[in-house]
Amino acid sequence: MMKRRQILLGCVGTGIVATVGSEYEVRQEKKQLIELAEQQEPQNPQNLLKAAFEADAEKIYEGESIIRSLKLSHPHIPYNSNVSKRLIRCSKIATQQYLTGKTIPTYDGRIETLPAYDPNLKQYQQIAAFRGKEAQITQPVEVEMPTTAQKDAIDPVEQNLGKAENQIDDAIKMVVKLKKEIPVYYGFVLSSPTENIMVFRGTQTSIEWLNNLTAIQTDYTDPVSGKYFGKIHEGFLSNYKRIIAPIPRDVAKTLNPNIPFYITGHSLGSSLAILAALDIALNVPQLASQIRLYTYASPRIGDVTFAQLHSQTVPNSYRVVNLADAITLLPPTKLRGIYVHVGQEWSFLSQGGDFMPNHVVDTYETAVNIGVETHQLRHFPVTGLS
């Protein structure tokens, strides 16, 4: 089971990587400006300082300008707080599904046996459990070594060894480290006569944290429709491609196209939900108008082109965010490309005094259950650059 310490270490690594990458770009821009100033007036240190200060200000205002320029399509259907309560609970269940699958090899992915399972979900039939390969990890594995007696039986030469070796314990074990990909659960699908729900789990391993925020942007062209959708984060796309049994769009093809279809996820699950909603809207067109995308604690996924085309294709999209959650600010607006959010923002403020309490699914569930998320602008006693 994933230890909290590992998660925190992963988060620290995430912050370091994002910060280092961003600072590197700023330093490069400063260097170019300073070199230009040196060419013009190489003996004037005031020009060097001015160029450096202007580079800082330009970087900040450029990011703000990108965010203000973003034009997303407005949802045709209002945000539903009662539905949101159900979906954030499903996100918590998806996390428990993943952890149970890693701990109990015989677990089959059924959610009704999990502690977070809500009896109100009995009206739904679970029709799928997504499986995939987790990113490569180094895992200690106990290996039983042959005993002295066993070796003697296998190799006569061993019979001539000294008495010390003959006193070795009957069960010698050593711990070795192996790299492998482990099959894990990525979520599930529920169906009822009135609605369908597709759920993706959140980030659980330190390697996932680092993979999520160290990869560069890549062009995203839908593999089936061939339509270009701008640039997205390569790590998030790789995570989505790891879901192999069954494929989300294949499950979607079996669903009733005449009832609402909710797609949801928390943290990493948000990025998977965003990509799944787009994939299904494009390639299962009979479901497109029924898709409602609810994400929680979502990082930024792609550039302005991706966000705007995504909102046109999946207009009924809602992003629930804790304003104190640092993950929702990553990747930075400018880091190896441009990153902006997808979905209509519904925010709340819960400051738990540390990184993880502000981000975990329980914090989001508490806020949604008491209905404090809002689409209205907040009036906090704050100041800023503008």
Side-chain angles (χ1 to χ4, degrees), residues 2 4-23 60 63-64 66-68 70 72 79 81 84-85 87-89 91-92 94-95 200-204 206 208-210 212-213 233 236 264-271 273-274 293-301 307 317-335 339-386:
M2 181 63 192
R4 183 175 183 271
R5 175 180 175 82
Q6 290 174 283
I7 296 177
L8 292 175
L9 287 174
C11 296
V12 170
T14 292
I16 291 172
V17 168
T19 301
V20 169
S22 182
E23 289 180 351
I60 293 169
E64 292 183 339
I66 291 170
I67 294 173
R68 285 196 301 268
L70 186 63
L72 300 183
Y79 174 85
S81 59
S84 191
K85 292 174 184 177
L87 297 182
I88 190 62
R89 171 48 63 104
S91 294
K92 182 173 182 177
T95 297
F200 297 95
R201 70 164 176 85
T203 307
Q204 290 299 321
S206 58
E208 282 179 342
W209 281 112
L210 295 175
N212 290 350
L213 293 164
H233 190 285
F236 295 137
T264 191
H266 169 267
S267 190
L268 167 65
S270 292
S271 67
I274 288 169
L293 173 63
Y294 282 69
T295 65
Y296 305 88
S298 176
R300 298 175 175 122
I301 306 301
S317 175
Y318 321 90
R319 179 175 63 90
V320 181
V321 53
N322 177 11
L323 297 176
D325 183 355
I327 285 295
T328 65
L329 303 177
L330 297 174
T333 306
K334 286 200 68 177
L335 176 66
Y339 289 94
V340 292
H341 277 298
V342 168
Q344 183 185 71
E345 180 180 300
W346 285 76
S347 65
F348 65 93
L349 180 60
S350 178
Q351 171 56 276
D354 207 346
F355 187 101
M356 288 308 294
N358 295 342
H359 178 66
V360 294
V361 68
D362 294 270
T363 296
Y364 279 78
E365 183 175 32
T366 298
V368 170
N369 282 343
I370 61 178
V372 296
E373 76 275 29
T374 178
H375 182 51
Q376 303 300 316
L377 292 176
R378 302 246 179 194
H379 300 288
F380 297 115
V382 297
T383 186
L385 294 172
S386 56

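All figures in this text were calculated on a predicted structure; none of them were measured in a lab.
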| field | Contact summary for Ser350 and Ala324, nearest pair of heavy atoms | value | O-CB, 3.6 Å
| message | Just to verify, what does Asp362 make a side chain to side chain donor-acceptor pair (under 3.5 Å) with, not counting sequence neighbours? | response | Lys92
| query | Going through the checks in order, is the side chain to side chain contact (heavy atoms under 4.5 Å, CB included) test met by Leu330 and Tyr339? | reply | CA-CA 8 Å; Leu330 297 174; Tyr339 289 94; over 6 Å; no
| said: Could you check whether Ser267 and His359, counting side-chain N and O atoms only, form a donor-acceptor pair closer than 3.5 Å? | reply: yes
| What residues, two or more places apart in sequence or in another chain, satisfy side chain to side chain donor-acceptor pair (under 3.5 Å) together with Tyr318? | none
| field | ring pair (Phe, Tyr, Trp, His ring centres under 6.0 Å) involving Tyr296 - partner list, sequence neighbours excluded | value | none
| said: For Tyr79 and His375: C-alpha separation, side-chain torsions, deciding distance, then whether ring-ring contact (aromatic ring centres under 6.0 Å, His included) applies. | reply: CA-CA 9 Å; Tyr79 174 85; His375 182 51; 9.2 Å; no
| field | Chi angles and distances behind the side chain to side chain contact (heavy atoms under 4.5 Å, CB included) call for Leu87, Ser84 | value | CA-CA 5 Å; Leu87 297 182; Ser84 191; 5.7 Å; no
| Would a distance-only check, ignoring hydrogens and angles, find a side-chain to backbone donor-acceptor pair under 3.5 Å from Asp325 to Ile327? | yes
| Residue list, side chain to side chain contact (heavy atoms under 4.5 Å, CB included) with Thr366, at least two apart or on another chain | none
| query | Any donor and acceptor pair, going by atom type alone, linking the side chain of Arg300 with main-chain N or O of Leu329 inside 3.5 Å? | reply | yes
| message | Test: salt bridge (charged side-chain N to carboxylate O under 4.0 Å, His left out). Region: residues 340-349. Which pairs qualify, not counting sequence neighbours? | response | Arg319-Glu345
| note | Contacts of Ala307 meeting side chain to side chain contact (heavy atoms under 4.5 Å, CB included) (sequence neighbours excluded), chain-then-number -> Leu70, Leu72, Val340, Val342
| task | Say whether, by atom type as modelled, one donor and one acceptor occur between the side chain of Thr363 and the main chain of Asn358 under 3.5 angstrom. | result | no
| When you measure from the side chain of Arg201 to the backbone N and O of Ala94, does any donor-acceptor pair fall under 3.5 Å? | no
| said: On a heavy-atom basis, which atom in Gly202 and which in Thr95 lie closest, and how many Å separate them? | reply: N-OG1, 4.2 Å
| field | Any residue meeting side chain to side chain donor-acceptor pair (under 3.5 Å) with Asn322, in chain and number order, not counting sequence neighbours | value | none
